[in-house]
Structure formats: structure tokens, C-alpha cells
2 protein chains.
Amino acid sequence: MPKKIKLELIPEMAARKATFNRRKKGIMKKLHELHTLCDVPICAVIYGPCKEEEPIVWPSPLEVENMINLYKNLPEIQQCRKKVTHEEYLKQRIARVEEKLKRVRKKNRKLKITKLFNECLKNKDFHDQNILDVTDLKDLSKLADEKMKLIDERIETLMGNPPPPPQIGTSRSAAAGEPNGEEI
Amino acid sequence: MPKKIKLELIPEMAARKATFNRRKKGIMKKLHELHTLCDVPICAVIYGPCKEEEPIVWPSPLEVENMINLYKNLPEIQQCRKKVTHEEYLKQRIARVEEKLKRVRKKNRKLKITKLFNECLKNKDFHDQNILDVTDLKDLSKLADEKMKLIDERIETLMGNPPPPPQIGTSRSAAAGEPNGEEI
DNA sequence: GAGTCTATATATAACAC
DNA sequence: TGTGTTATATATAGACT
């Protein structure tokens, strides 16, 4: 039932308050856990959605102030180096997510091509199916080259001999079903 | 694989650091989400387990300071009323958990007795089984009284008449199987 | 507001790289 | 250290009480 809500301001005040209370509790628990598990100084201040409310000051107003003062007394160098501003945080996050997206896309592409490759091994008339565009064919060719190289290397290993000339007659044993798109 | 780790200081420094990094990331995400979903002012300062590290100051040192100042300017009354100190937080938490424990125990007890009750309806020789102690028998008797009362009420409802004298010959239809221990 | 319930979404511990 | 993976543990949205 926890519909994946979008990460944006909740319009209805009632729902917003409910979510605030639920999540505030969760965050306080997390803070307490981190503090206990790692024995690190932590503090947080959280204002409520209703402006008249007093903020939560965790673990206590005094300690919050102490931590702030402690921070202020750090040498400038340390203060400035790693300041994680909200903006920076977002930028870092975006960068990481985009990087991951790239990796995943690449992986997907590779899986797709590998799947095509294996299908081709089983079905030689794939040319007629009009499902391959130029890019696919190029990647397919590239993958074929890679597979050839792998085969060559494996043969070398099995023979335990110096590299013979590149042309070898290999018996491609058509793989039956691709369990996970990663056969040779 | 996430073995349920105990909520206490992690002894091995390596594991502690790993956990710290993982959880710090999680908490920052939560803070960001709460901030976005509810549009409330939030800030947090988190020092690392290595004393030389600079703390994370979120969302930014300036804003943290502003929030602190804002807080300091609140009228004393508001400042003092709801100060959630770490200790208070723990006390509240303990109180709530204990309360819940109580509720659950009560519920368990009731389920157990109801189960016994239903078994008795099916099997009259339960006296021989030596599985009931005095408390059980007392609770059982109490439950029987309650059930009787429920039956009386239901009969009254069905008759739509003024309450007849308490003695009624009721036909106890022995319930077949207790689906969830909550039959009459 | 606070607690219950339940289906899902997330967080995350331990491990392999 | 950081990432990917996977099996679990938690968090939590939504509907009720």
C-alpha cells in the first residue's frame, strides 16, 4: 500500500503533517541508532510544518550549541574543505545517479546484444526478421569478435602453446538456452 | 544477509566505519526527503568516527547557524516546553515500547484463553489433561461469563424486547474449528 | 492525533570484487 | 574505499478504528 509517492511537496496539509510525524519519528530513530552504533557526535534541528510549533532539537539544545561552537573553533582549513552544502549534496547525488544510469544502460545493451547473438547461433535466418538495425549489427559484429578472441585465448590455454596465427577453425557449439545471456 | 545487529557500539573499527558511511548516506537521504516532502527547515551536524574528520554540516554551515539563532530568539516559553532531549527521547521510547508489550501480552493471553475455551467446547474431558492451572480456569470462567453476556445481548437484540431475567437456556452450538480464536 | 494492519518500498549487513 | 549482489530487516503510505 505504500504507493511510491513522488519526492515533492505534499499538497494536502493533513497528509503532509501525517507524513512529517511518521518520518520525523523514523529519522530520530536513525539518528539514535547511528549515534549508538558508531559513537559519533550528532545533532539535528527539525521544525514542524506548522510555524507555531517549536522545533525538535536533538539530542538537546545545549549539545547542539556545543557542537556548533566546536565546529566554529575548527581551523578554517578544515571548516572549508568538505562543507557539504545541500546543493553540493544534490549535485553529488545527481552525478552518482547519472553514472549509475550509464552503467546500467551499458549493461542492458550488452545483455541485449548477447541475447541477439545467441539467438543468431540458433537461427540462421535472422537477417529476414528486420529486427536488427545498423547499430545492432555493428555491436553484434563487435561481440562476435570478442567471442572469437575469447575462444582463441581458451584454445591457447588448453594447448599450452605459443599463440598460433589468428585464423582458426572453431567449432561453435550452438548454445541451447541462454540461462543468463552470458555464454561463450 | 543483513543480520539483525545489536544496537550497541560496533567494536571493530573497520565495520564501524563501513556502517557509519552507509547509514550516514541513508540519513542524509531521509533528511533531504523530509525537507522536500514537507517543506520544513531542517539541519544536522554529524561528526565521523575518526576525530580528525570534518563533520558533515547539513544543509550548510550558514543555514545551521541561522537555525540555531532563530531558535535562540524564540520566547523562553516555547524554548523550554518541548525540548526533546536525547534522554527524554529514550524515556518516551521505552515507555511506548513497554506499553505496547503490555498490549501484546494481553492480546496473547486473550487468544490463548479463547483457544482453550473453544477446545473445551469440543472436548469435554479437558479436566483430565492437567493443562489448566488455576489462573487459566479463572480466566476461562471469566471468558465464559463474557460469552454468556454476549449471547444474552444477542438474544435481546433478536427478540427486540425488554431484558428478561438473567437465567436463559441457551443452545451452545459448539463451534467446529476456531479460524482465528474469535468466535462466540 | 495515535495505534492497527498490510502490501510495498527502502535501507542495509555480509560478502565478493 | 567504493560497488554490485542478495537476503533480511525496517520504514512507511493508505485505509480504518
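Here is the naming used below: chain letters follow the sequence lines, and residue numbers restart at 1 for every chain. Note that these values count all heavy atoms, side chains included, but never hydrogens, waters or copies made by symmetry.
Classification of B/R109 and B/D136 as a salt-bridged pair holds, one side-chain N sitting under 4.0 Å from a carboxylate O. With respect to the salt-bridge test (charged N to carboxylate O, under 4.0 angstrom), the residues A/K149 and A/E153 do not qualify.
Rounded to a whole Å, the CG atom of B/L7 is 15 Å from the C1' atom of C/dA11. For the pair B/K25 NZ and C/dA11 C1', the computed distance is 10 Å after rounding to whole Å. Between A/N108 atom CG and D/dG4 atom P the separation is 14 Å, expressed in whole Å. One interatomic measurement links the two molecules: NZ of B/K106 to P of C/dG3, which rounds to 16 Å at whole-angstrom precision. C/dA2 atom C1' lies 12 Å from atom NZ of B/K100, rounded to whole Å. Between A/M28 atom CE and D/dA11 atom P the separation is 13 Å, expressed in whole Å. Rounded to an integer number of Å, the gap from CD1 of A/I5 to C1' of D/dG14 is 11 Å. The interatomic distance linking A/I10 (CD1) with D/dT12 (P) rounds to 12 Å, in whole Å.
Looking at heavy atoms from C-beta onward, B/R16 lies in side-chain contact with B/L9 at the 4.5 angstrom threshold. With a 4.5 Å cut-off on side-chain heavy atoms, A/I5 and B/L37 count as touching.
In this structure, A/T114 contributes its side chain and A/K110 its backbone to a donor-acceptor pair below 3.5 Å.
Nearest nucleotide to the side chain of A/K29, out of D/dG14, D/dA11, D/dA9: D/dA11. Of all nucleotides listed (C/dT12, C/dA11, C/dG1), C/dT12 comes nearest to the side chain of B/R23. With distances taken from any side-chain atom of B/K17 to the nucleotides D/dA11, D/dG14, D/dT1, the minimum falls on D/dT1. When distances are taken from the side chain of A/K107 to each of C/dT4, D/dT12, D/dT5, the shortest belongs to D/dT5. The side chain of A/K3 lies closest to D/dG14, out of D/dT12, D/dG14, C/dT10. The nucleotide whose nearest atom lies closest to any side-chain atom of B/R96 is, among C/dT12, D/dT3, C/dG3, C/dG3.
Residue A/A18 is the one, among A/A18 and A/L37, whose nearest nucleotide of DNA chain C lies closer to the 5' end (criterion: closest heavy atom).
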